[in-house]
**Q** 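I am attaching a structure below and will ask some questions about it afterwards.
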Amino acid sequence: MKRFRLLPLLALGCMIFPLAQADDASIVIKPRPATATVLAIPEFQPKSGNLDPSVDEYLKIVNETLWNDLEYSAFFKLLSRSFYPALRINEPEELVFKDWQDRNLGVDFIVIGNARIESNYLVVQCRVFDLKTREQVLGKQFRTIPRYTRAIAHRIADHIVSLLSANASHGIASTQIVFERKTRTGKEIYLADYDGANLQPITSNGSINVTPAWNPSNESIAFTSYYEGTPRLYLVSLSSGQLQAFPQSGGLLTTPAFSPDGKQLAFSARLNDASDTDIYVADLDGGNLRNITQHPGIDISPCWSPTGRQLAFVSNRGGVPQIHICDTFGADLTRITMESGYASSPDWSPDGRYLVFSWKPSRMTHFDLFIAEVATQRILQLTQGHGDNENPSWAPDGRHIVFQSNRSGSMEIYTIFADGTELRQITNLQGCSNPDWSSYALKN
Amino acid sequence: MKVNNRLLIVGVAVTLLCLAAGCKKRTPVAAPPAAQQQLAAPTITLTAQPPIIAEGASATLSWTTTNATGVTIETVGQFPPQGSTVVSPKASVTYVAVATGAGGTVSTQARVTVTPAPVTTTTESPRVDETDQGFTVEQIFKNEIQDVFFDFDRAEITAEYKDILRRNADVLIRRLPQVGIMIEGHCDERGTEEYNIGLGDRRANATRDYLVSLGMSATRIKTISYGEERPFDPAHNEEAWAKNRRAHFVLIKP
């Protein structure tokens, strides 16, 4: 198992280099289980009686997507299909437990399923069996239009992760990522599934639209737009597409961040007579506005702690941009990054223990991703030696991170496991930046 | 001369008196009471301050005396035993002061040196009202107004660009008083995108504040930060980055 994990790590070159200030004990982020749960996932088959051959095309997508989702969840070891018994499994009755147990493959759970087309709808059935007890532990049927085939696979993956991780994660396969995409005239906000599929524009106004941020309910996105000239904040509903300007305006409003309860926004603003930006907190209707920094210099890029009681933000009050935290009234200010250099774009982990941020220590030439343990201020480096790596955002499972990197030549969006392994490029669109990862899609 | 004559007369009289007394009574006696009551001769000091003056300037003559009842300064006038007076000689001169008292007269002198005045002429600067002719507001703006450039991660205006802003302010105040301007703050791509929005804002506002300190009305100036979103040179090298760290002036038509 250990050797298996080392290979991708070396191949990606994303090794972990604890900095000098990190003492002996290195940070371990949500470690993988000591003994990984082993899954067998025989390919889902057309359900007997299905007469529409197009189901094969959809099944291919389901099988491939489900495999990738479960592998990327980093909770399981997937047993390669070349070891499986030859017999295809369509219905639970066709599952011969003895075949699997006799082979001594170490499989803990087996996932089986089938699909059919029914009145132009795709119907997928899925069951999970515990090979030790031979009991069914999960059984679901999903029905949707074929266009959403991938969504079914993601849904199945999330149910399996929720069940077999004992709710350590609700599964990130159905989550989405918003980001900026460079255009000829400026930037537009785009939305994609967590694996980069299903790309959709959210804005298309020809102006500059930046700094997208999810509402924790996943129902809306806040962002900065130059659409009306002066940059200000807008909220867009994903279901209705309705755009609403945040009522507060001024010289500059940007970098919105929803509070964990979704009822407040923290943002950076220079209101009319100020000479620089400060961090403000206000209700979504603009009420109860308060300045929580009131300090000369640039204060920008706030993010909330998951309790909603603290904020992390970037300030150059020490001369260069550095990460600071304070409570939501500005008290108890602490600087997190103690070494010099340029630190930016903090995001607080869902369990509240860590901040991930991009940092260019003064001895370095590029931005890389770092994780700081808030309580101890110990630091872990996630990326190194591959261009600039910026704007990280945690997945809701607290185990994955999305960020932008120009390692391939153009700026693109990548995801990575929080120990620096499992790098995945999810865009190839010549200019994507500033991603924000949604909350869980399923909150069972 | 008069003083000398008078002195001579007094001296002769005293001598004759002594001789007469001595001839009359040969007894060796002390000096006669009249002679004893004859008081000591006066003394005088005279100063000129300053001793050297420019042509047309003044000096003050001051004197003090003892045993004097009056002071006469030649060519100036008669004065009390103590005092001062202001003189404005046209050329260097030695003032002679004579103190006169019961005990006689005494004189002293003080010199005031007059140096020639420096040659000065009064001048007049011509006032010519100058207005632009044949140029549109846009052309003047394009030709005269220059952008301001910044160091990496800084929003301070360096001395070089303070000079440029002084010229910009002069043009905007005198030649284009009717226009408004937009100052755009821009950054290079090396910082992080969000922080650069704040940095561009600082650059635009630092530029505005400096123009306002030079007398330009703040109501004529708007600012906007584009962060790193609108680079002037899209290349990824120091030459391009230097061009992209700027406060850019845009004309708002009247």
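Lettering follows sequence order; numbering is per chain, from 1.
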**Q** Let me check something: any side-chain donor-acceptor pairs from residues 56-63 of chain B under 3.5 Å, sequence neighbours excluded? List them with distances.
**A**
residue: B:Ser58; atom: OG; partner: B:Ser88; partner atom: OG; Å: 2.9
residue: B:Trp63; atom: NE1; partner: B:Pro80; partner atom: O; Å: 3.0
residue: B:Trp63; atom: NE1; partner: B:Pro81; partner atom: O; Å: 3.4

**Q** Can you sort out the partners of B:Gln139 under side-chain hydrogen bond (donor to acceptor under 3.5 Å, both in side chains), two or more places apart, ordered by chain and number?
**A** B:Thr136
**Q** Heavy-atom pairs under 4.5 Å with chain B - which of A:Val320, A:Ile208, A:Val210 has more of them than the others?
**A** A:Ile208
**Q** Quick check - list every chain B-chain A donor-acceptor pair under 3.5 angstrom, one line each.
**A**
residue: B:Thr192; atom: N; partner: A:Tyr342; partner atom: OH; Å: 3.1
residue: B:Thr192; atom: OG1; partner: A:Ser344; partner atom: OG; Å: 2.5
residue: B:Glu193; atom: OE1; partner: A:Lys187; partner atom: NZ; Å: 3.3
residue: B:Glu193; atom: OE1; partner: A:Ser433; partner atom: OG; Å: 3.3
residue: B:Glu193; atom: OE2; partner: A:Asn434; partner atom: ND2; Å: 3.4
residue: B:Glu194; atom: OE1; partner: A:Ser301; partner atom: OG; Å: 2.6
residue: B:Glu194; atom: OE2; partner: A:Asn434; partner atom: ND2; Å: 3.1
residue: B:Tyr195; atom: OH; partner: A:Asn316; partner atom: ND2; Å: 3.3
residue: B:Asp201; atom: OD1; partner: A:Arg270; partner atom: NE; Å: 2.8
residue: B:Asp201; atom: OD1; partner: A:Arg270; partner atom: NH2; Å: 2.9
residue: B:Asp201; atom: OD2; partner: A:Arg270; partner atom: NE; Å: 2.8
residue: B:Arg202; atom: NH1; partner: A:Ser275; partner atom: O; Å: 3.4
residue: B:Thr223; atom: OG1; partner: A:Arg270; partner atom: NH2; Å: 3.2
residue: B:Ser225; atom: O; partner: A:Tyr226; partner atom: OH; Å: 2.4
residue: B:Glu229; atom: OE1; partner: A:Lys187; partner atom: NZ; Å: 3.0
residue: B:Glu229; atom: OE2; partner: A:Lys187; partner atom: NZ; Å: 3.3
residue: B:Arg230; atom: NH2; partner: A:Thr185; partner atom: O; Å: 3.0

**Q** Using the salt bridge (Lys or Arg N to Asp or Glu O under 4.0 Å) rule, collect all pairs that involve residues 173-182 of chain B, keeping only residues at least two apart or in two chains.
**A** B:Asp132-B:Arg175, B:Glu144-B:Arg175, B:Asp170-B:Arg174
**Q** Apply side-chain contact (heavy atoms from CB on, under 4.5 Å) to the pair A:Leu252 and B:Ile224, showing each step before the final yes or no.
**A** CA-CA 7 Å; A:Leu252 167 68; B:Ile224 190 169; over 6 Å; no
**Q** With a cut-off of 6.0 Å (strictly less than), are more than 12 heavy atoms of other residues, nucleotides or ligands near CZ of B:Phe232?
**A** yes
